[in-house]
4 protein chains.
Amino acid sequence: MNVEKGSKRKQCILNAVLAALSEADYSQFTIEDIAARAGVGKSTIYRWWKHKSDLVFEAFKLHTESVFELDFEQSLEHNLVQQLCKLAVALNHPVGRALLVVMAEHREAAGLFFQEYLLPRRVQTRKLIQCAIERGEVRADYPFELMLDTLYGPIHYQIIFFNRMPDDAYIHNLVRLVIAPAQRHALLEE
Amino acid sequence: MNVEKGSKRKQCILNAVLAALSEADYSQFTIEDIAARAGVGKSTIYRWWKHKSDLVFEAFKLHTESVFELDFEQSLEHNLVQQLCKLAVALNHPVGRALLVVMAEHREAAGLFFQEYLLPRRVQTRKLIQCAIERGEVRADYPFELMLDTLYGPIHYQIIFFNRMPDDAYIHNLVRLVIAPAQRHALLEE
Amino acid sequence: MNVEKGSKRKQCILNAVLAALSEADYSQFTIEDIAARAGVGKSTIYRWWKHKSDLVFEAFKLHTESVFELDFEQSLEHNLVQQLCKLAVALNHPVGRALLVVMAEHREAAGLFFQEYLLPRRVQTRKLIQCAIERGEVRADYPFELMLDTLYGPIHYQIIFFNRMPDDAYIHNLVRLVIAPAQRHALLEE
Amino acid sequence: MNVEKGSKRKQCILNAVLAALSEADYSQFTIEDIAARAGVGKSTIYRWWKHKSDLVFEAFKLHTESVFELDFEQSLEHNLVQQLCKLAVALNHPVGRALLVVMAEHREAAGLFFQEYLLPRRVQTRKLIQCAIERGEVRADYPFELMLDTLYGPIHYQIIFFNRMPDDAYIHNLVRLVIAPAQRHALLEE
DNA sequence: AGCTAAGCGAGACGGTACGTCAGGTCTTGAC
DNA sequence: GTCAAGACCTGACGTACCGTCTCGCTTAGCT
């Protein structure tokens, strides 16, 4: 099929993107290099992706498909720790670093990507929280949106500013610190 | 004096940087434009700043001198709210946006800038916390480093990913949420 | 066709070179100006010509195609006068002046150009001399290589050092003076 | 004295020029390099020489003072051979090469230099010819100006175009070929 | 001997052109 | 008919020198 062929090519190009970003960071990432690696003409790339940034977005999606998977059977805390660990690894990986550059560079594109990809994942996490509430793990009247920012924010902050990937211990401490009040209040109010 | 003369020119160039970044974002920010705005040869810029990133760093410093001023007479909460508000404004300003791009792009340069400029400011905040401990505002045994990440992190996260400047209400809520446990414990332990 | 298309653009660039050199001398001759005149990017020029000198060489070839045409029906003297007259005009033209600068500046490139372009023309002149010998115009045992230097040399010398284009009278006298011995001996030996 | 001091400095600069041109050709010849070599500020150079070309002219004069010395006791032929040999060496030396570049580049400056320096030397040679005429070495009615061009021209021609320094044999043959008619005619008319 | 003014080194400065590079568009020939 | 290959225009990069200019520091010459 046409579609299949196209898909095959797209896949090939995205693999080249992942390979390129794994070898060097975003500053040496060029379309021409990707085309050469993929054995493809530049025009073929531009046929499907309007900008270099789109390539990075898509590569990041490919690279982080599993990061946002939740296990509704497990506790909220366990899920958050798992997710943040995977997120930290993903963001610290060259592909994630590239994503951060692109997000910082192209505000509108960043906004779109956030709306279309990251926000829905966050919605999933909200659903998880809802479950936790229903299971009595955390109290219901708590600013969970804000709480999520205090979880996701520090991960990004550490990577960009401290230039350091938060390790498991950091993330464990972070999660415990942040969800404690939501739990403690619950306990207190009992 | 030599110093004054040099400073005058440098000042002029940095003003051009601020002007340029105010009119358009970092992607249209070019050395040649800065040189033209400042009425200066390109070489004069390259004589003092090795990279475009250095220009941005310095412009950011200039632009945020007052952001990190603390008032040790006031409460910790008040200081944090004030500082985060000013930080949010500064980061959301084109100069701050440019800084974020540069930090994401140039890891090493970012590390240096963080060590030399941002970390010392954070040390000041730590001192403020020490005061607050001594004044009994907050308990002593609390992971304040981590707490600071949960304050600074969300501000950056909101700006980069939500593409939105946290407003005063957000920051008030954030600070209250984050320092509450440190205070509550203190109260509880009395 | 590819060739034609490329040729068209190359032609366009070479025309720009000729135009530029006609308006100002080699010292104001810049690649950027050529690119602008030809409505072409700089890189397009650099794709085909490694150095500015190559542009000048090629422009000179274009400009002097007819200079070295010989008429084997005519006498040696007549041919030499004709050729030297055309050569004088060509060298005195801005394009020729530029060639002289480039030849003086880039010895190796000059050597190549001489080998590949000027020497073959000189070989033609040698053939003409051979004809003249066979026709009895000049004697066979004469150092014609050296003689050619005493013809071409003064033309260049006048242009570079006297900054003056040799006129027809000068060239007539020169040729007569130089070939007389070759002829006279022939006569004497009869 | 002021003059002496200035002279000392000028000498020092000219030595630096000769040294620089001996090590690399004119294309790497920069004022800044000369200033550094001479341990002198750029402004000191520009105080005495308006342009880079003037430096080359003066260095060439310094370098060729002895080239144009004639020995009126010796025969015309001997003098010409000697002079042309020395000229060939001088022109082939980097300083001479630089002179050729500058002459080709700056027509007006070249004209001035020719008028003020080279032409007077040629006048000396004319005087020598006058002696030769009076001594009966050569006939009086001969186009000696043109003849001189056929001597000097080929030397320059060989150096610039053949990129080859004429050796003694070449020069001997050249001189003999060129002055033979002037001598032979003299003989014939006796 | 001390003082002042010229001369100087050092090198910053505004420019101009360089040659390179990559982005994103457009063309072409082969498959 | 599609697509790799790559030519093309654009525009910024960072570098190298130019010729001008300003700065203080010598240092000579006069008091």
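Side-chain atoms are counted along with the backbone in the values below, which use heavy atoms only and exclude waters and symmetry mates.
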Smallest separation among heavy atoms of C:Ala20 and C:Asp33, with atom names: CB-OD2, 3.9 Å

Distance check: side-chain N/O of B:Thr44 vs OP1/OP2 of E:dG14, anything under 4.0 Å? yes

Distance under 6.0 Å and angle within 45° of the ring axis: does D:Lys52 meet both against D:Tyr26? yes

What is the distance from CD1 of B:Ile34 to C1' of E:dG15, rounded to the nearest Å? 18 Å

Verify the contact: side-chain N or O of B:Ser43 to OP1 or OP2 of F:dG14, cut-off strictly under 4.0 Å; return yes or no. no

C:Arg37 CZ to F:dC9 C1', in whole Å, measures 19 Å

Could you tell me the separation between the OH atom of D:Tyr26 and the C1' atom of F:dC17, rounded to a whole number of Å? 12 Å

Nucleotide E:dT20, atom P - distance to CD of C:Glu32 in whole Å: 13 Å

Walking DNA chain E from its 5' end, the first of A:Thr30 and C:Gln28 to be reached, judged by nearest nucleotide, is C:Gln28

Among the candidates E:dC18, F:dA7, F:dG19, find the nucleotide nearest to the side-chain atoms of D:Lys52. F:dG19

Does any N or O donor sit under 3.5 Å from an N or O acceptor when you compare the side chain of A:Lys42 with the base of F:dG6? no

C:Phe29 has an atom CZ; how far is it from atom P of E:dA17, in whole Å? 12 Å

Taking atom C1' of E:dC8 as reference, at what distance in whole Å does atom NZ of D:Lys10 sit? 16 Å

May I have the distance from D:Ile31 (atom CD1) to F:dA16 (atom C1'), rounded to whole angstrom? 14 Å

Quick check on E:dA12: is either OP1 or OP2 less than 4.0 Å from any side-chain nitrogen or oxygen of B:Arg9? no

Is there a side-chain contact between B:Trp48 and the phosphate of E:dC13, meaning an N or O under 4.0 Å from OP1 or OP2? yes

CZ of D:Arg47 versus C1' of E:dG9: gap in Å, rounded? 10 Å

Any idea how A:Tyr117 and A:Phe60 line up, ring-wise: parallel (<30°), tilted (30 to 60°), or perpendicular (>60°)? perpendicular

Considering just the side-chain nitrogens and oxygens of A:His51, establish if one lies under 4.0 Å of OP1 or OP2 belonging to E:dG24. yes

Could you check whether D:Arg37 pairs with D:Glu23 (Lys NZ or Arg NE/NH1/NH2 to Asp/Glu carboxylate O, under 4.0 Å)? yes

Is the ring pair D:Phe113/D:Phe57 parallel, tilted or perpendicular, if the boundaries are 30 and 60 degrees? parallel

Heavy-atom donor-acceptor pair, A:Lys50 side-chain to E:dG24 base, under 3.5 Å: no

